[in-house]
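Proteins come first, then strands; the chains are lettered A, B, ... in the order of their sequence lines, and each starts at number 1.
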Protein chains: 2
Amino acid sequence: MTTTPSAATVDGPASPTSQARARLRPVSLGDVRITSGLWHERGEANRLASIPNGLQRLHEAGNLRNLDIAAGLAQGEAEGPVFADSDVYKWLEAAAWEYARTGDEKLLADQLSVTETVARAQAEDGYIDSVVQIRENGQRYRDRPHGHEHYVAGHLLQAAVAQVRCTGRRDLLEVAIRLADHLVATFGPHAPADVDGHPVVEMALVELFRETGTQAYLDLAQYFVETRGHGVMASYGREPTYFSDRVPVREATTVEGHAVRAVYLAAGAADVATETGDAELLSALATQYASMERGKQYITGGLGARWDGEAFGDPFELPTDHGYAETCAAIGGVQWAWRMLLATGEARYADQIERMLFNGFLAGVSLSGTEYFYVNPLQLRVDAHAESERSPANGRRGWFACACCPPNIMRMFSSLSAHVATTTDDGVQIHQYANGSIAAGGLRLDVETAYPWDGRVEVTVREAPSTPVELAFRIPAWAGGATLDGEPVEAGDYARISRTFGEGDRLVLDLPMQPRLTQADERVDAVRGCVTIERGPLVYALEQSDQAGDAPVDDLRIVPGAVFEVEHRPDLLGGVSVVRTTGRSASPPPSAAPSPYPAVDTTSPNGRTASGGDVTLVAIPYYAWANRGPQPMRVWIPTA
Amino acid sequence: MTTTPSAATVDGPASPTSQARARLRPVSLGDVRITSGLWHERGEANRLASIPNGLQRLHEAGNLRNLDIAAGLAQGEAEGPVFADSDVYKWLEAAAWEYARTGDEKLLADQLSVTETVARAQAEDGYIDSVVQIRENGQRYRDRPHGHEHYVAGHLLQAAVAQVRCTGRRDLLEVAIRLADHLVATFGPHAPADVDGHPVVEMALVELFRETGTQAYLDLAQYFVETRGHGVMASYGREPTYFSDRVPVREATTVEGHAVRAVYLAAGAADVATETGDAELLSALATQYASMERGKQYITGGLGARWDGEAFGDPFELPTDHGYAETCAAIGGVQWAWRMLLATGEARYADQIERMLFNGFLAGVSLSGTEYFYVNPLQLRVDAHAESERSPANGRRGWFACACCPPNIMRMFSSLSAHVATTTDDGVQIHQYANGSIAAGGLRLDVETAYPWDGRVEVTVREAPSTPVELAFRIPAWAGGATLDGEPVEAGDYARISRTFGEGDRLVLDLPMQPRLTQADERVDAVRGCVTIERGPLVYALEQSDQAGDAPVDDLRIVPGAVFEVEHRPDLLGGVSVVRTTGRSASPPPSAAPSPYPAVDTTSPNGRTASGGDVTLVAIPYYAWANRGPQPMRVWIPTA
């Protein structure tokens, strides 16, 4: 075993250099400990179930064997999609971050063994993509729009950076450097203009630059960001829009096309802008982010309205029943928002991370940590049917033929604590609330909270410098009426306390946790006349199991203005607070209505509306749905 | 030239045998003449532009060359999708029906020349599918779910039947018989259970049975219908649902999966049920049809909510902005409804044909007859972007890489007059209203009407038997208040007059044409709080070009109860009646709203609603949209 760094000094994902134009600096991965509560529990499921299971799945699905075949150590055809290797790399990245948190030697041994498998498959000149090596007879980069070779490379680079940061081992880093050098030799200003159909290598090259100091990697990332957007990528019936190739990143005003590609590209561009100090590029990215948030994001933080092309819809096209909201897109959204937060220090991006993590992301994995959703719609209808493997009507699945989401979830969980706090020269910013401890900027803090079930957050100072320091608390935009030490603080910004702290000092943040009814911009046709229940950072949903009586969820209506009742149920769904309120059930439709499109009777209102009497609606957090089998569910509830 | 039958004795598509269990009998193709008005005009565009253009496109896209390559007369790779031949056959079918109507010798020569090309490509044993012949090195039926070989065969059979009926030439029929005999030898109870991923061969085999009297063709069609539905077809991430293979046709209670496949299968099953007298199967199909109509059909008659899988959605999943409603699905819907009408004699199916023809189908082709929509959503948003070739945001297109829709439109137009009337032993039923003449059941009738612009239909008897005969007029379900010869008649059924008619007798049907506001079953979340304007059989839409002021269509609201004003505009869009009514424009959204998901303010209604003052809304028939370039449009209008 070589040097295993203490987690306390491990850089997490996206760690800008000291020269970067960043307002905030990440803290080291081990400087934040989450020791109990929701994120701890879900993180344990990730550690104990998802990650070991994931390695098993990679064996079973043939991903690791592909690498052996490419290395000449096994015979056969390549299994799985062209980007099969990337699932291995995402698993390796997850294993690395997880090792930093736990020091689990088995996990270290496993990742080094997988790393060996990877290293053996690498070609002499640094190229590695086992599926292409096997299927294409040595021909590389034949299908730039769909070939995913840079995408696969990017995930290798990210895993290598995580591995060296978390284990001190350079095994995968050496592979990554040879691969990156091959990319630098093959692509760039000296070669014909070319980019990969699926971004991610941009983020990865910047991180490899940060780790190695090799300027050529940053330059290549910048080149890829700038080269994209000239409308040359069109293939298999897909327009350049699909590939984020219609408009140069610097000129784009919104996000479009394949959602994961779009947000990975934006995150990579944010890395480039941060490291190169490119204020214009950063400003374009902020405009794009705002456009996405305003008209192309579900209330769960979910991104990508369309199944076809796994793509962003047009502005305000946000269908609930057949929405897509791929789990990977929520993860990419967090990555983009995190980089924007570091660059700008604006609380809105931390709000976004919270919304995506607690809802669109967390819904992507079962409470057991072993079953996944690829898509995360906001409604499952009565009598819904499954047409494809990834249909939510199938329920959660143990793995997918296209298995991008599960290992992406793993690496997000394993690096989640890196997103909790940052530092500046002035002090420490707390962005996310979880029970545990934070050590940063000379402060050592204990955080006690039952968040997100309770809005009270007690911070106790255990160690502090003898000079004044600023402690900043994010007050979520939803938290109107919040107080810090009893004083009202403004929602949607940081509440800052600057003083010389002493050991034992306590600060109490109180975020109001009464349930809220939320509506949507009325251009979101899909949810006209509906509201959602939110409580704290959580979006709630009605799931069939929890409703008394036999009214299908689709026939329930909510009564705005009715009282809410909150009950914490430790026994339910791993422990959740349920919200109850008054609703009505619509009368059943006429059994043999002559037409689903009746003429408007201007003398009386629509006869079906809510004539069925009062019922109690029971809402659970959206993330916890479909843990009792697939069943009707809806987030947006029509008003009575 | 061999015998060219007079059009007056030409069987149209779907002509049950005299032994079939059918309530109604089709009239001969030439017995109905449409001589002016909307269908005549659109039919002329089909004849003069679409069909000649189509042949040119088939040459350019390589479809005809594929056949030459398969025949060994040309070299090269096959072009286009695996079902490329089927586009040739649909064009041949259109050309045949069109020849029956016009006797155009050029059209006959062209179709015989194409028929020769087809015949040369046929293998010794009757098999023909040029793309498979070229690409698969003689290996057939390798990919049953996606290979489309029976689908291609089915279209050949349909074209051959049309050709012999319309031209008397057996050229293509001989090819079809050899192909059908090959199918009979290869598939069926004597071979492993197997069906094609894409139905159509069922309809085609029944028609070939009707034309040739060969029982084996009917038996094979029946076998394919009964063999399907055992959940064996799953491929490339598609579940059996996609292929209509989850439930046997006889047991299914709804339609699901790929919409065109589902309705083609149902139409074929209806043919089988009709010829075999299978009342149980017919009853199952009626149940499925009713389920489709109630919860899986757009108000335009459009079928298939989902882009992915071109599939039916779950019940009441009918998004407007990103709906699919493939043009081919509307055509398949007409085929199914027509067979149900023949079998049952129920007016509802003729109502359905009217709805689909005037809206979901007719929107699929430009007024010029040269540009097409593959998908027909009910809304195009402001700032919509195109991501794929078939996106309506691209506007109409001259052809598609997957060109199933254009020649399907051609054959529908060319055989449209066959759907106007039927006979029974008692008399004649008029299902669709168009200016022209009908000769059937011993009656010769002139029909004078400006339908669908005007609801007055005058029928003058030119010839009649000397015995009593029943004349039945369909009174559409939307036509409450209709009168026949001044007497009130019930909507949603046939109004029947039985007497001895004399030459010069006149009957006047009056269908009320005041515009109607229509709402949807409130489980259709996508259009909650919205209404449509309908007038007669036409669904109306707001298109941006017609609206005064600069309010985007998405911000317009309608005022239920406001008066309608109708004006016929011969100068507009080939001549349409526009409907004007009062609306409001919503106030523009706050320029920098903090969140698209504001909390509900229970003290005041949603601030954006319709505070922008009165405006006049101008609606055009939906079918005519996007003839002035792609632009914002919506069928469902939120109420103020």
Chain A: which of [options] shares the most heavy-atom pairs with it under 4.5 Å?
{"options": "Asp525(B), Thr241(B), Val527(B), Val524(B)", "result": "Asp525(B)"}
{"options": "Ala386(B), Pro319(B), Gly309(B), Ala393(B)", "result": "Ala386(B)"}
{"options": "Glu534(B), Gln379(B), Arg390(B), His258(B)", "result": "Gln379(B)"}
{"options": "Gly257(B), Gly492(B), Ala290(B), Pro315(B)", "result": "Pro315(B)"}

task: Of all the heavy-atom pairs spanning Asp314(A) and His385(B), show the shortest one and how long it is.
output: OD1-N, 2.8 Å
Among [options], which residue forms the greatest number of heavy-atom pairs with chain B at distances under 4.5 Å?
{"options": "Tyr298(A), Phe312(A), Phe243(A), Phe400(A)", "answer": "Tyr298(A)"}
{"options": "Arg634(A), Glu389(A), Arg528(A)", "answer": "Arg528(A)"}
{"options": "Arg246(A), Gln297(A), Arg348(A)", "answer": "Gln297(A)"}

- request: State, yes or no, whether a side-chain contact exists between Arg523(B) and Asp555(A) at a heavy-atom distance under 4.5 Å.
  value: yes
Spacing of [atom1] belonging to [X] relative to [atom2] belonging to [Y], to within rounding of 0.5 Å:
{"X": "Ser291(A)", "Y": "Asp383(B)", "atom1": "OG", "atom2": "CG", "answer": "8.5 Å"}
{"X": "His322(B)", "Y": "Leu318(A)", "atom1": "NE2", "atom2": "CG", "answer": "12.0 Å"}
{"X": "Phe316(A)", "Y": "Asp554(B)", "atom1": "CZ", "atom2": "CG", "answer": "9.0 Å"}

Does any heavy atom of chain A fall under 4.5 Å from the side chain of [X], the backbone, both, or neither of them?
{"X": "Trp636(B)", "answer": "side chain"}
{"X": "Arg516(B)", "answer": "neither"}
{"X": "Cys402(B)", "answer": "neither"}

query: Can you say whether Ala401(A) sits under 4.5 Å from chain B via the side chain, the backbone, both, or neither, judging by heavy atoms?
result: neither
